[in-house]
**Q** 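Okay, here's the structure, questions in a sec.
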Amino acid sequence: MSDKNPYSSSDPTMNVPVTTGAAGAIMSPYLNFNPAYLGPNAADSQFIFPEGAARTRGRLELSFSQIGGSVFLGAAVGGVNGFYRGVQDVQARQLVGANRRTQMLNFITKGGASTAQTLGVVALMYSVFGVVFSWGRGVDDELNTVAAGTSTGVLYKSSGGLKPCLRGGAFGLGLSLIYVLFTSDKIKSVWRGR
C-alpha cells in the first residue's frame, strides 16, 4: 500500500469556486447558488424553509435565547451591584492594594454569579411552563404566556409557604400581563379598532 494521498491541491477537480461570479450576484458560499432562483422573496430571507413550515421560531427554540439572555443580564446586573457594594465595603474597611482588589473582585463575581443563577432559573422555569402549555393546548398564544408567568412565580416562591407563593404568582401574573399588553398584535389591533 502507498501512503501517498490521492488528492492534492494542484488537482483541477478539487478547485471548486465558492465566491461570487463576475456579475457580483449574492451567492451562497456553502451551496454555490443564487437564492434569487428560489422565488420572489427568497433573496430577502436568510433561511430556506420547507413548504408549509412556519417562518417564526417556536416557543422551544425561543426558550434557549431567553434562558441565555437572562443569565447574561443577571451577570451584568449582579456584577454592577457587586461593584457598588464592593466599593462601599472597601471604603468602610479602608482596604488598600491587593486586599482592596481581591475584595472588589469577590464582590463583583459573587454578585454576578448569584443574580445570573437566579434569573437563569426563573427563565428556565418560565420556558418549561411555556413549552408545556403550548404543547398541551396545541396553540401558542397570549394565554400560555400569562399562565407560564403566573406558574413560574408560584413555583419559584413555593418553598416559602402559601402567602409568598401567592405573592410570587401575582408578581408573575403582573409581569406577564404587562409583556403581553406591549407585544401582542391581537391586543394592539383591538385597541386600534376602537
Side-chain angles (χ1 to χ4, degrees), residues 54-96 98-194:
R55 290 197 173 263
T56 59
R57 295 189 301 165
R59 196 155 190 122
L60 182 63
E61 291 88 357
L62 287 174
S63 68
F64 294 106
S65 60
Q66 288 172 345
I67 295 167
S70 297
V71 169
F72 281 117
L73 178 67
V77 169
V80 169
N81 186 34
F83 179 80
Y84 176 72
R85 289 180 40 226
V87 167
Q88 289 179 331
D89 183 68
V90 296
Q91 286 176 350
R93 295 170 56 188
Q94 299 176 349
L95 297 175
V96 293
N99 289 335
R100 180 183 181 102
R101 244 186 343 267
T102 302
Q103 193 66 9
M104 286 295 296
L105 286 173
N106 285 341
F107 270 94
I108 292 169
T109 55
K110 286 179 183 179
S114 175
T115 309
Q117 183 180 13
T118 300
L119 284 183
V121 167
V122 169
L124 176 67
M125 287 191 296
Y126 170 77
S127 297
V128 167
F129 279 124
V131 168
V132 167
F133 291 148
S134 179
W135 285 349
R137 293 184 59 228
V139 65
D140 187 17
D141 61 359
E142 291 81 7
L143 182 61
N144 291 344
T145 301
V146 173
T150 306
S151 301
T152 299
V154 168
L155 181 62
Y156 186 73
K157 290 294 187 177
S158 63
S159 63
L162 184 60
K163 285 186 180 180
C165 190
L166 293 175
R167 279 194 300 265
F171 184 75
L173 175 67
L175 278 180
S176 59
L177 282 175
I178 290 170
Y179 174 77
V180 165
L181 286 174
F182 282 107
T183 61
S184 173
D185 291 333
K186 293 177 186 176
I187 294 175
K188 288 179 185 177
S189 65
V190 169
W191 284 103
R192 288 183 195 142
R194 288 186 170 187

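Only a predicted model underlies this, so the values are computations on that prediction, with no experimental measurement involved. All residue numbers in this chain count up from 1 along the given sequence. When reading the values below, keep in mind they use all heavy atoms of this one structure, side chains included, and skip hydrogens, waters and symmetry mates.
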**Q** For Val180, enumerate each residue passing the side-chain contact (heavy atoms from CB on, under 4.5 Å) test, keeping only those at least two apart in sequence or located in another chain.
**A** Glu142, Thr145, Val146, Ser184, Ile187
**Q** Determine, for Asp89 against Arg93, whether the closest basic-nitrogen to carboxylate-oxygen distance falls under 4.0 angstrom.
**A** yes
**Q** Can Thr102 and Asn99 be said to form a side chain to side chain contact (heavy atoms under 4.5 Å, CB included), step by step?
**A** CA-CA 5 Å; Thr102 302; Asn99 289 335; 5.6 Å; no
**Q** Which atoms form the tightest heavy-atom contact between Gln66 and Ala123, and what is the distance?
**A** O-CB, 4.0 Å
**Q** Quick check on Gln117: does its CD atom have over 12 non-hydrogen neighbours (other residues, nucleotides or ligands) under 6.0 Å away?
**A** no
**Q** Assess whether atom OH of Tyr156 is packed by more than 12 heavy atoms of other residues, nucleotides or ligands within 6.0 Å.
**A** no
**Q** Going from OG on Ser134 to CG on Leu143, what distance comes out if it is rounded to the nearest 0.5 angstrom?
**A** 11.0 Å
**Q** Out of curiosity, Leu119 CG to Leu124 CG, how far, rounded to the nearest 0.5 Å?
**A** 12.5 Å
**Q** Check the pair Phe107 / Val90 against side chain to side chain contact (heavy atoms under 4.5 Å, CB included), numbers first and verdict last.
**A** CA-CA 10 Å; Phe107 270 94; Val90 296; 5.9 Å; no
**Q** With rounding to the nearest 0.5 Å, note down the distance linking OG1 in Thr150 to CG in Leu175.
**A** 10.0 Å
**Q** For Arg137, I'd like to know if atom CZ has over 12 heavy atoms of other residues, nucleotides or ligands within 6.0 Å.
**A** yes
**Q** Checking the side chain of Ser176 only, and the main-chain atoms of Gly172 only, is there a donor and an acceptor separated by less than 3.5 Å?
**A** yes
**Q** Applying the side-chain contact (heavy atoms from CB on, under 4.5 Å) criterion to Leu60, which one of Asp140, Val131, Val128 satisfies it?
**A** Val131
**Q** Which pairs of donor and acceptor atoms, one on a side chain in residues 71-80, lie under 3.5 Å apart (sequence neighbours left out)?
**A**
none

**Q** Taking atom OG1 of Thr183 and atom CD1 of Ile178, what is their separation to the nearest 0.5 Å?
**A** 11.5 Å
**Q** Report the distance from atom CD of Gln94 to atom CZ of Arg100, rounding to the nearest 0.5 Å.
**A** 10.5 Å
**Q** At what distance, to the nearest 0.5 angstrom, does CZ of Arg85 lie from CD1 of Ile108?
**A** 11.5 Å
**Q** Can any side-chain N or O of Ser65 pair as donor or acceptor with the backbone N or O of Leu62 at less than 3.5 Å?
**A** yes
**Q** Taking all non-hydrogen atoms of both residues, which atom of Gly86 and which atom of Met104 are closest, and how far apart?
**A** C-SD, 3.3 Å
**Q** Passes side chain to side chain contact (heavy atoms under 4.5 Å, CB included), Ser70 versus Tyr126? Steps please.
**A** CA-CA 11 Å; Ser70 297; Tyr126 170 77; over 6 Å; no
